[in-house]
**Student:** 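Here it is: the structure, laid out below.
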Amino acid sequence: MKRRNFLKNGLTAAASTATFGAFAAGNTSILTAIPAEKTFTCNFAPHDGMFASHAGKDFIDQIKFMYDQGFRAIEDNGLLKRSKEEQDKIGSILAKLGMTMGVFVVDGGDNWKVSLTTGKQEFKDTFIKTCKDCVELAKRVNAKWMTVVPGFFERNLPMGIQTANVVDALRRGAEIFEPHGLIMVLEPLSDTPDLFMRYTDQTFELCKAVKSPACKILYDIYHMQRNEGNIINNIDRCWDEIAYFQIGDNPGRKEPTTGEINFKSIFKHVHDKGYRGVWGMEHGNSKPGKEGELALIKAYREVDYM
């Protein structure tokens with residue numbers, strides 16, 4: 001279907017509120033509805049703001065909209081920073097709709113500076129405290145995975161010492177999460193060369209050193225395409241330590257089909273290997289407003305493994 005026909009059909013069908021569950025529930029913040037769609041094969045997880053033009057600024061209304069479009073999971077990186085009331089509301093609506101909570105970030109304020117690589121007790125203490133806080137939050141929203149970023153390089157220490165310092169901190173985190181069946185997923189990133197953890201082989205090594213089912217890899221396709229490429233081969237090499245995936249096309253970090261990555265092939269490969277977990281939609285919309293949100297949904301329909 002051509003994109004202009006998709007937009008025309010979607011907006012025409014929106015005139016019938018009977019086809020849209022959120023309107024039936026009295027959600028008047030959604031000005032332009034799209035007919036309810038079948039559930040995606042892959043468990044794609046949008047985030048706050050991704051459908052705000054259709055659903056409004058309230059995250060609960062957005063979650064209802066996501067559900068009606070066939071999404072069955074969400075992500076919320078900043079969940080730890082929300083009020084307990086907001087967290088409880090999110091947990092309640094997810095339970096009501098039968099949706100999965102994807103990752104939120106273990107963030108005690110040290111992720112984007114030199115911290116765990118130093119081995120200093122102050123950073124380790126903050127990390128441990130934040131992990132304990134995350135256990136309580138995970139219970140409220142029925143979460144299983146939490147993103148961990150160990151901060152920047154300590155340029156005055158040898159790489160082996162920094163690695164040992166990070167492993168020591170991660171082992172402490174794993175001791176906290178493992179009894180609760182929770183998993184911290186380590187995310188190598190491409191945002192800046194100052195980050196200590198940037199590649200899949202390094203992250204694989206850290207997981208093997210920690211030796212816990214509570215310490216695995218978050219494989220973000222956008223970041224790894226930028227840092228190392230060879231996506232499918234590197235996924236295979238690290239397969240037994242990967243617990244979570246995130247999505248973003250390159251260049252631009254927008255939805256699939258806007259860049260160079262063959263997502264349909266990647267989704268099929270990973271699905272065929274047996275993965276049925278969450279695919280976090282860790283990217284922006286390539287176009288603004290309702291048009292951009294419709295285009296995003298269309299893109300995910302095109303690349304979903306059928």
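Below, each value reflects all heavy atoms present in this structure, side chains not excepted, and no hydrogens, waters or symmetry copies. Note that the numbering runs from 1 along the sequence shown for the chain.
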**Student:** Salt bridge or not between Asp272 and Lys268? Use side-chain N to carboxylate O under 4.0 Å.
**Tutor:** yes
**Student:** Among Asp191, Asn227, Thr203, whose side chain to side chain donor-acceptor pair (under 3.5 Å) with Arg198 holds?
**Tutor:** Asn227
**Student:** Once side chain to side chain donor-acceptor pair (under 3.5 Å) is applied, what residue pairs with a partner in residues 91-108 remain, sequence neighbours excluded?
**Tutor:** none
**Student:** Please tell me whether Glu75 and His47 have a donor and an acceptor in their side chains that are separated by less than 3.5 angstrom.
**Tutor:** no
**Student:** Other members of the hydrophobic cluster containing Val105, with the 4.5 Å side-chain heavy-atom rule, please.
**Tutor:** none
**Student:** Counting only heavy atoms not in Glu260, do more than 12 fall under 6.0 Å of its CD?
**Tutor:** yes
**Student:** Does Arg301 make a cation-pi contact with Phe40 (under 6.0 Å, within 45 degrees of the axis)?
**Tutor:** yes
**Student:** Does the distance from a Lys or Arg side-chain N to an Asp or Glu carboxylate O, for Glu241 and Lys208, drop under 4.0 Å?
**Tutor:** yes
**Student:** Please assess Glu136 against Lys139 for the test salt bridge (Lys or Arg N to Asp or Glu O under 4.0 Å), listing each intermediate value before the final yes or no.
**Tutor:** CA-CA 5 Å; Glu136 297 308 310; Lys139 293 176 183 177; 3.4 Å; yes
**Student:** Under 4.0 Å between a side-chain nitrogen and a carboxylate oxygen: does that hold for Lys273 and Asp236?
**Tutor:** yes
**Student:** Knowing that exactly one of Thr126, Asp133, Asp125 qualifies, which makes a side chain to side chain donor-acceptor pair (under 3.5 Å) with Lys129?
**Tutor:** Asp133
**Student:** Looking at Phe204, is Arg237 sitting on its ring face, NZ or CZ under 6.0 Å from the six-membered ring centre and within 45 degrees of the normal?
**Tutor:** no
